[in-house]
Amino acid sequence: MILQTALSAPSFLSSSSSYRLSPILFSRRRRTLFLFPWRFTSPKSIKFFTVAATSDSRGVFTSPEIAKSFDFSSEERIYNWWESQGYFKPNLDLGNDPFVISMPPPNVTGSLHMGHAMFVTLEDIMVRYNRMKGRPTLWLPGTDHAGIATQLVVEKMLASEGIKRTELGRDEFTSRVWEWKEKYGGTIVDQIKRLGASCDWTREHFTLDEELSRAVIEAFIKLHEKGLIYQGSYLVNWSPNLQTAVSDLEVEYSEEPGTLYHIKYRVAGGSRSDFLIVATTRPETLFGDVAIAVNPKDERYMKYIGRMVVVPMRYGRHVPIICDRHVDKEFGTGVLKISPGHDHNDYFLARKLGLPILNVMNKDGTLNEVAGLYCGLDRFEARKKLWADLEETGLAVKKEPHTLRIPRSQRGGEIIEPLVSKQWFINMEPLAEKALRAVEDGRLTIIPERFEKIYNHWLSNIKDWCISRQLWWGHRIPVWYIVGKNCEEDYIVARSADEALEKAHDKYGKDVEIYQDPDVLDTWFSSSLWPFSTLGWPDMSSEDFKNFYPTTMLETGHDILFFWVARMVMMGIELTGKVPFSYVYLHGLIRDSQGRKMSKTLGNVVDPLDTIKEFGTDALRFTLALGTAGQDLNLSTERLTANKAFTNKLWNAGKFLLQNLPGETDISAWETILAYKFDDEDLLLSLPLAECWAVRKSYCFVEKYIEASKARLYHSGGDSIASVAQAVLLYVFENILKLLHPFMPFVTEELWQALPNQKEALIVSSWPQISLPRHVNSIRRFENFQALTRAIRNARAEYSVEPAKHISACIVANEEVVHYISKEKKILALLSRLDLENVRFADSPPGDANQSVHIVASDGLEAYLPLVDMVDISAEIERLSKRLSKMQSEYDGLVTRLSSPKFLEKAPEDVVRGVREKAAEAEEKINLTKNRLALLKSSVLVSP
């Protein structure tokens, strides 16, 4: 079994569009993708159960009557019924090969956006498909406590009441956050349900649940015991407003206008005119300079290497002039100030060269005492004052506009500062090596495959992970510091305060005290445990862990491949010994119709709930599922409208079927219908042409066979021709609903319940299992029949024949073709608007062929349509003559332009090419019109 590559969708999906289907269901052996088998396969034998017109035992679907159109408001009713019946729970009685997905936990602060709609759609398709395939299926949902985002939301709420977090204290503040979570935290869950997510909500988790908190503590302890977690002072990304460290992955860089400042650094011991000019974008950090660097091959500065310069505005403080090959001679003046406490590149250079680290900034973004007179000023305020002072002292050279790459907090949007801070880290290199091997040896497959290179590159160049955050909302770090004589800032890692105190007393005696580290863990730390902490880990003997771990599939957006996916792989292997999932499927981002990223600033954000109100959940899901194979998807109203139309087309097909089945009391008619067993080869060969084709080509059913069946259904219910059409309609439609259900669960379930022979929900019905043999002859014959119908319709449209008008026709073909086409004379007449009494079959052109429109449907199959039946010949000759005159005039104008040497010499090449193409097209149309006029005039001449 299992996943899939993008295929062209069958023609029944849209009458005017060609779709690509996203990879969802795939093959473990071939490691290729297939959405699902569009070639039809047969379910179990059809059984009939009389449907009463009143409420049944389920109390949901109350009548076999079907409404004029599908009512979107019924979606919530259907969903609630599914959930109440327990259909979302895994049934382990079905076997020991479960299909398991852990839902990417949305932030508890969140509200539904199109990213949620995308992952819900794709994951629900996989889940519904595998459930119908008969596998125990678990889609495990939950939400993330979202440390920074949630704390920001609650702090803003308190600020509106005039309350600061620090005024409340830690315990009271976290209590307020829990209150907020209980009141608003379920919003995102309710909205995800609205998308049709068939999750097992009885297993829903929250990353701060007691069980998951226990797992977090255990993971920290185990990693610390292995020496993978350590504490140290290093340069981190610092959020001054939140006053916490943030991950490298939570910093977004944007190109913004800024300024490049040119500043004189006087050379110590030299003349007053002896100085180096440094170009910097952040002059306020110069108080943290520990060196000035130049490129060793830059001849301008070679004589200065080894000397000292005076730091501006800090007279008496000298720093060395050093050389390093990484200094860019072309940037600014080619002289680089080294401020390792406030720049990542400078920091790594200082560590390489053994330079000191000097911090000039407080945690709130103000300058500290190292900045002298500027101490206490905000970083940006200090920048302005410093430049003014530099200008006054003659050390300012110039400033010029410069585009900056600004690091901003993903959550708060503020400018991030590199800052040296004491934090907790995980040594990632040993974990990354194991995660790399998992892909190399095939234990983990990443889809689309191109993301493997990105995954490998990131893991091969991974940095240690700063996991501590200076927040109050989150998992408190399970570390206690010991206070007492001779403790030397020792700490203890423990599962609880009692355990920590006992260990401290054992080590240092009863006189010592302890206090817990005030920091919390990075939100992504708990999220990295999600696939196994939600299944009972660290208790690996729990039933859920034994039954459902490792999971099968991890599906998410490619933008969190590093944030979440890679970290889950590393932690899963390290803590459980197994890769946490076998497959990773990464979907693309959703953009607007112009391909732009959705943002509030651009005003192009599309609300899924508004979309559902207008188009329905099924149309939204179908739109999202078609066209994303790891690629970004441009969401347009046109796509949604087209798929809403398809929903209506499916609904109308259901209405047609129900209106043309026997009444529930017509037992003999039903006995005849139900006698057909479509997995019987002999029966298939005995079916009429259209029915045999429909059973094998069920995906064309909605558009084509329904039309073809109308001629059969005009017969009385007891007629065998009508019965076989009814049986095929019911058989094929049932299986179309099954094939479409993972994509469009609501409309298909509603239609399924309206069918007269269902005793179970479509959501738990069996996926079609038995492949039918392919008979080339029946397919080829009906395709010929379709080609003939299409050609006649096109000819009618070309000559503007009124739709209600029935015309004569002579069908010319060899004996074999005439034999099977003539059997379908009534259907041909119905679909092509032919006069049934005047449809003739022959093996050679008719005598009035020169007075007819000749069409070729396929090799060896032609038709002649008498002109006199199709148009008023005199009026058409007059109309076409006027049209020809106008076309000739336009063509002559184009030829004149092309004959002008001046035009050919001066006009751009693409313009000349365009005129030539228009002329060629015009000439072709003129010839066609002349031929049609000649045919019409010859018809007038030979008419009696």
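The first residue of the sequence shown is numbered 1, and numbering continues consecutively from there.
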Worked check of side chain to side chain donor-acceptor pair (under 3.5 Å) between Asp144 and Trp530: CA-CA 10 Å; Asp144 192 288; Trp530 186 252; over 6 Å; no
Which pair of non-hydrogen atoms, one from [X] and one from [Y], has the smallest distance, and what is that distance?
X: Phe287; Y: Pro312; value: CE2-O, 4.4 Å
X: Ala293; Y: Val327; value: CB-CG2, 3.8 Å
X: Cys323; Y: Ile305; value: CB-CD1, 3.7 Å
X: Tyr374; Y: Leu367; value: O-CB, 3.7 Å
X: Ser468; Y: Ile477; value: CB-CD1, 3.7 Å
X: Ile514; Y: Ala504; value: CG2-CB, 3.8 Å

Side chains of [X] and [Y]: does their closest heavy-atom pair fall under 4.5 Å?
X: Tyr304; Y: Arg307; answer: yes
X: Gln470; Y: Trp238; answer: yes
X: Ile148; Y: Leu242; answer: yes

Intermediate values then yes/no, salt bridge (Lys or Arg N to Asp or Glu O under 4.0 Å), Asp490 and Lys507: CA-CA 11 Å; Asp490 196 4; Lys507 188 172 183 180; 2.7 Å; yes
Would you say [X] has more than 12 foreign heavy atoms packed within less than 6.0 Å of its [atom1]?
X: Leu353; atom1: CG; value: yes
X: Glu449; atom1: CD; value: no
X: Glu161; atom1: CD; value: yes
X: Lys156; atom1: NZ; value: no

Measuring from [X]:[atom1] to [Y]:[atom2], what's the distance to the nearest 0.5 Å?
X: Leu336; Y: Asp343; atom1: CG; atom2: CG; result: 8.0 Å
X: Lys329; Y: Glu299; atom1: NZ; atom2: CD; result: 8.0 Å
X: Phe220; Y: Arg495; atom1: CZ; atom2: CZ; result: 12.5 Å
X: His505; Y: Asp511; atom1: NE2; atom2: CG; result: 8.0 Å
X: Ser213; Y: Glu218; atom1: OG; atom2: CD; result: 13.0 Å
X: Asn107; Y: Thr523; atom1: CG; atom2: OG1; result: 8.0 Å

If only atom types and distance count, is the side chain of [X] paired as donor or acceptor with the main-chain N or O of [Y] below 3.5 Å?
X: Thr285; Y: Gly288; result: no
X: Thr174; Y: Asp171; result: yes
X: Thr280; Y: Arg282; result: yes
X: Asp346; Y: Pro340; result: no
X: Arg567; Y: Phe563; result: yes

His558 ring center within less than 6.0 Å of Phe451 ring center: yes
Distance flag, aromatic centroids of Tyr261 and Trp387, threshold under 6.0 Å: yes
All salt bridge (Lys or Arg N to Asp or Glu O under 4.0 Å) counterparts of Arg408, not counting sequence neighbours: Glu256
Check: [X]/[Y] side-chain N/O donor and acceptor closer than 3.5 Å:
X: Thr207; Y: His145; answer: yes
X: Tyr265; Y: Asp289; answer: yes
X: Thr166; Y: Lys164; answer: no
X: His344; Y: Asn237; answer: yes
X: Asn427; Y: Trp465; answer: no
X: Lys363; Y: Ser421; answer: no
X: His342; Y: Glu284; answer: no
X: Asn362; Y: Thr366; answer: yes
X: Tyr230; Y: Asp464; answer: yes
X: Thr403; Y: Glu255; answer: no

Audit row: Glu414, Ser409, side chain to side chain donor-acceptor pair (under 3.5 Å) steps and yes/no: CA-CA 5 Å; Glu414 67 166 320; Ser409 168; 5.6 Å; no
Pair Glu250-Arg469, salt bridge (Lys or Arg N to Asp or Glu O under 4.0 Å): steps then yes or no: CA-CA 12 Å; Glu250 293 173 294; Arg469 299 289 180 267; 3.6 Å; yes
Audit row: Glu452, Arg450, salt bridge (Lys or Arg N to Asp or Glu O under 4.0 Å) steps and yes/no: CA-CA 5 Å; Glu452 279 190 17; Arg450 68 178 183 277; over 6 Å; no
Evaluation steps, side-chain contact (heavy atoms from CB on, under 4.5 Å), between Ile338 and Ile292: CA-CA 6 Å; Ile338 307 298; Ile292 296 296; over 6 Å; no
Test applied, side-chain contact (heavy atoms from CB on, under 4.5 Å); reference residue, Gln516; option that passes from Tyr481, Tyr491, Trp480: Trp480
Residues Arg176, Glu172; criterion salt bridge (Lys or Arg N to Asp or Glu O under 4.0 Å); working and verdict: CA-CA 6 Å; Arg176 293 287 189 96; Glu172 178 60 23; 3.3 Å; yes
